[in-house]
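Note: hydrogens, waters and symmetry copies are ignored here, and every other heavy atom, side chains too, is used. Every value quoted in this text rests on a predicted model; they were computed, and no experiment measured them. Throughout, a chain's letter reflects where its sequence line sits, starting with A, and its residues are numbered from 1.
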Amino acid sequence: MIGKPRGTRDFLPDEMAKRRQIEYEIKKIFEGYGYEEIATPTIEYLDLFTLKSGEQIIEEIYAFEDKSGRKIALRPELTAPVIRMYVEKLQMEAKPLKFYYFGNCFRYDRPQKARYREFWQFGCELIGSNRVEAIAELIAMAHDILKSIGLKNIVLRIGNLDILRRFLDGIGANDKEMMRLIDKKDFEGIEKKLKKEDMDEFKKFIEIRDINEINFKEAEKMKEILSLLDEYSIPYNLDLSIARGLDYYIGTVFEIDAPKLGAEKQIAGGGEYNLVTLLGGKHISTAGFAIGFDRIMIALEMENYKFFEEDKPIYIAYINGMLKEAIKISRLLRKNGIKVEMDLMSRNISKSLDYANKKGMKKAIIIAPDEWKNGKVLIKDMEKGEQKEAEIKKIADGL
RNA sequence: GCCCGAGUGGUGUAGCGGUAACAUAAGGGACUGUGGAUCCCUUGUCCCGAGUUCAAAUCUCGGCUCGGGCCCCA
């Protein structure tokens with residue numbers, strides 16, 4: 001027997017129906033904010049990702065050479081491909097551009113709870129504006145999506161890298177290593193790098209919960225964004241310790257957690273970034289976020305979310321020798337937009353209804369010679385156990 | 001890459017040195033025109049490899065996969 005590669009999953013019908021339901025809900029909300037769906041290839045040139053994140057991430061990427069020796073990667077995330085697409089052919093379009101997407105991504109990580117080697121991400125990019133109304137709407141939309149699909153326990157934290165870097169400048173500690181330690185919340189590591197009084201300052205700084213306590217000029221924009229979020233009635237926590245590991249992030253950043261998920265609790269994250277020039281485009285403001293689709297599915301399950309149940313098909317059982325009549329009825333119903341499943345195993349009526357019952361079908365149509373002669377079939381209600389005759393011509397009305 | 005735990009029919013479990021069992025599901029039949037019950041039949045299992053032993057599902061080691069945690073998380 002051949003299994004599936006490590007960290008990948010099969011989705012059975014029940015789970016797939018749930019995923020499609022949530023997928024549909026999320027798409028509706030993106031579109032409600034004027035975002036349009038796009039898709040990019042599953043494979044890209046490896047350089048697209050190393051340019052942005054450095055050579056060391058090759059370790060965590062599924063990368064290979066194609067038959068002509070080109071270095072190809074399975075996409076580990078979707079922001080870089082979207083910006084690549086923008087630089088390639090959309091630079092002269094009217095701004096802002098608002099794109100959303102849903103796709104599978106691949107990372108060569110150690111699988112664990114809520115972390116897989118193939119996983120699905122929703123995301124969006126807003127290209128062309130970094131004004132306060134743009135960033136506020138982006139954050140409000142992220143929160144709106146998660147609340148609208150029915151998640152109850154989520155926490156939105158908003159930070160600002162300009163403010164954080166300005167503070168670190170003040171204590172002479174604005175470097176990559178420091179940002180990495182802050183991102184990891186490695187307070188022991190941070191303590192080793194700072195003088196005692198600076199460490200005290202730092203602790204005080206990241207405890208700040210009211211933006212008005214900050215007097216840097218970098219905080220002015222942040223104040224406006226937060227006041228707009230109040231207008232959207234979005235609850236948030238100021239968290240100036242959000243660092244985001246990579247240095248192309250700038251300005252406003254945010255993360256949304258589902259605390260119940262434990263170690264892998266972050267379900268969405270994003271902010272402002274500079275990637276366009278890195279990929280050869282003319283400078284323009286960009287911001288976006290990604291939502292971990294698998295994680296929100298797990299979070300919904302943990303909250304005992306009630307998923308909508310799809311209608312089962314109408315089942316068609318028929319007496320031996322009535323196969324062609326069964327096909328006629330199937331075609332008639334399907335033409336009327338009704339889901340139909342007919343017996344495909346030459347079962348007798350008894351076994352046929354047994355099957356329909358096990359599959360949870362609500363209604364069965366029984367086709368038999370005596371009724372057929374009179375232009376009729378039997379419609380059976382599987383739950384009540386009652387059945388009645390129905391004229392073939394009016395059959396669609398009776399269901 | 002590291003640490004802990006676990007892998008027995010499709011699914012859920014028992015057996016824990018003496019050659020695999022139970023339940024359930026699936027397919028067929030009893031029932032040639034009516035489901036959920038009952039009975040019968042059929043199919044199918046020790047994650048992989050090496051070692052110890054007269055004998056390994058059982059003990060040992062390695063690998064793989066899964067679950068949990070660390071690292072990482074664009």
Side-chain angles (χ1 to χ4, degrees), chain A residues 1-10 12 44 46 48-61 73 75-83 105-117 119 121 123 180 183-186 189 243-249 253 255 261-271 273 275 278 288-290 292 295 298 315-322 343-373 377-389:
Chain A
M1 193 186 74
I2 297 177
K4 55 188 163 12
R6 183 161 200 213
T8 63
R9 290 159 297 158
D10 296 316
L12 273 46
E44 293 276 358
L46 179 59
L48 177 62
F49 304 109
T50 54
L51 250 181
K52 149 177 189 280
S53 313
E55 293 287 329
Q56 79 282 359
I57 56 135
I58 294 176
E59 292 298 311
E60 291 166 45
I61 291 181
R75 58 188 179 193
E77 52 102 22
L78 290 161
T79 299
V82 172
I83 297 305
C105 299
F106 303 83
R107 292 185 194 174
Y108 199 86
D109 263 336
R110 168 76 164 78
Q112 61 184 68
K113 184 182 169 70
R115 178 195 274 180
Y116 308 97
R117 287 185 170 177
F119 59 97
Q121 266 196 353
R180 201 180 62 81
D183 186 38
K184 286 167 59 178
K185 311 249 176 290
D186 181 352
R244 303 243 115 196
L246 298 172
D247 47 9
Y248 57 78
Y249 276 99
V253 289
E255 297 178 347
L261 288 184
E264 305 288 325
K265 66 180 164 52
Q266 192 184 322
I267 54 176
Y273 58 85
L275 206 48
L278 200 59
F289 64 80
R295 291 186 184 175
I298 294 169
Y315 187 73
I316 297 187
Y318 52 94
I319 303 297
N320 267 349
M322 303 294 285
D343 173 42
L344 298 176
M345 291 181 73
S346 307
R347 283 175 159 126
N348 61 38
I349 290 289
S350 181
K351 285 284 174 182
S352 219
L353 291 175
D354 190 18
Y355 169 80
N357 180 52
K358 280 174 184 158
K359 297 288 268 192
M361 312 235 203
K362 304 268 187 292
K363 287 202 168 144
I365 290 174
I366 297 167
I367 300 173
D370 294 347
E371 288 81 3
W372 188 264
K373 270 181 244 154
V377 294
L378 294 163
I379 297 178
K380 187 177 179 80
D381 185 315
M382 295 295 287
E383 286 166 318
K384 290 179 192 157
E386 298 163 356
Q387 68 181 42
K388 57 181 192 232
E389 290 193 348

Going by the side-chain contact (heavy atoms from CB on, under 4.5 Å) test, name the single residue among A:K358, A:K351, A:K359 that passes it with A:Y355.
A:K359

Return the nucleotide paired to B:A21: Watson-Crick means purine N1 to pyrimidine N3 with N6-O4 or O6-N4, wobble means G-U with N1-O2 and O6-N3, both under 3.5 Å.
B:U13

Comparing A:R115 with A:K358, nearest RNA chain B nucleotide closer to 5' gives the residue A:K358

Charged N to carboxylate O under 4.0 angstrom, A:E386 versus A:K380?
no

Mind checking A:A368 for me? I need base, sugar-phosphate or nothing, with any heavy atom below 4.0 Å counting as a touch.
base

Determine which nucleotide pairs with B:G36, using a 3.5 Å limit on both distances of a Watson-Crick or G-U wobble pair.
none

Gap in Å between the two C1' atoms, one belonging to B:G27 and one to B:G9, rounded
15 Å

Whole angstrom value for the distance that separates P of B:G33 from NZ of A:K380:
15 Å

So which nucleotide does B:U60 pair with, by the Watson-Crick or G-U wobble rule with both distances under 3.5 Å?
B:A50

Look at the side-chain N and O atoms of A:R347 and state whether any lies under 4.0 Å from the OP1 or OP2 oxygen of B:G35.
no

Expressed in angstrom and rounded to an integer, what is the separation of A:Y108 atom OH from B:G1 atom C1'?
11 Å

Within the structure, does a side-chain N or O atom of A:N320 lie under 4.0 Å from either OP1 or OP2 of B:G33?
no

Are any side-chain N or O atoms of A:R295 and backbone N or O atoms of A:Q266, one a donor and one an acceptor, separated by less than 3.5 Å?
yes

When rounded to the nearest Å, what value does the distance between P atoms of B:G28 and B:G68 take?
39 Å

B:U42 pairs with, by Watson-Crick or G-U criteria that keep both distances under 3.5 Å
B:A26

Partner of B:C31 by Watson-Crick or G-U wobble geometry, both contacts under 3.5 Å, or none?
none

Under-4.0 Å side-chain N/O to phosphate OP1/OP2 contact, A:S350 with B:C31
no

Starting from P on B:G33, measure out to OH on A:Y318 and report it in whole angstrom.
14 Å

Rounded to whole angstroms, how far apart are CD on A:E371 and P on B:G33?
12 Å

A:D183, nearest nucleotide to its side chain (from B:G33, B:U34, B:A74):
B:A74

For the OH atom on A:Y108, are there more than 12 heavy atoms of other groups (residues, nucleotides or ligands in this structure) within a distance under 6.0 Å?
no

I'd like to check A:F49 versus A:E77 (side-chain heavy atoms, cut-off strictly below 4.5 Å). Are they in contact?
yes

Here the distance between atom C1' of B:C73 and atom OH of A:Y248, to the nearest Å, is 11 Å

Could you check A:I349 against A:P76 and say which one's nearest nucleotide on RNA chain B is further toward the 5' end?
A:I349

B:C64 and B:U19: how far apart are their C1' atoms, nearest whole angstrom?
26 Å

Considering only the C1' atoms, how many Å lie between B:G44 and B:G5, rounded to the nearest integer?
29 Å

Can we say A:E44 and A:R75 salt-bridge, meaning some charged N sits less than 4.0 Å from an Asp/Glu carboxylate O?
no

A:E59 atom CD is separated from B:C72 atom P, nearest whole Å, by 15 Å

Report yes if the side chains of A:M322 and A:W372 come closer than 4.5 Å at any heavy-atom pair, otherwise no.
yes

Has A:R9 got its NZ or CZ under 6.0 Å from the middle of the six-membered ring of A:Y116, at an angle within 45 degrees of the ring axis?
yes

Taking only N/O atoms, report every protein-nucleotides 65-67 of chain B pair under 3.5 Å with atom names and distance.
unit_1	atom_1	unit_2	atom_2	d
B:C66	OP1	A:G7	N	3.1
B:C66	OP2	A:R6	NE	3.0

Taking atom C1' of B:G33 as reference, at what distance in whole Å does atom NZ of A:K373 sit?
12 Å

Calculate the interatomic distance between A:D109 atom CG and B:C71 atom P; express it in whole Å.
13 Å

Tell me which nucleotide, if any, is Watson-Crick or G-U wobble paired with B:G1 when both distances must be under 3.5 Å.
B:C70

In whole Å, measure the gap between the C1' atoms of B:U58 and B:G17 for me.
6 Å

If you check every side-chain atom of A:N357, which of B:C73, B:G36, B:C31 has the closest atom?
B:G36

Within the sub-3.5 Å range, which N or O atoms of nucleotides 37-48 of chain B have a protein N or O partner, and how far apart are they?
none

Is a donor on one side and an acceptor on the other found under 3.5 Å between the side chain of A:D109 and the backbone of A:P111?
no

Student check: side-chain heavy atoms of A:Y315 and A:S352 closer than 4.5 Å
yes

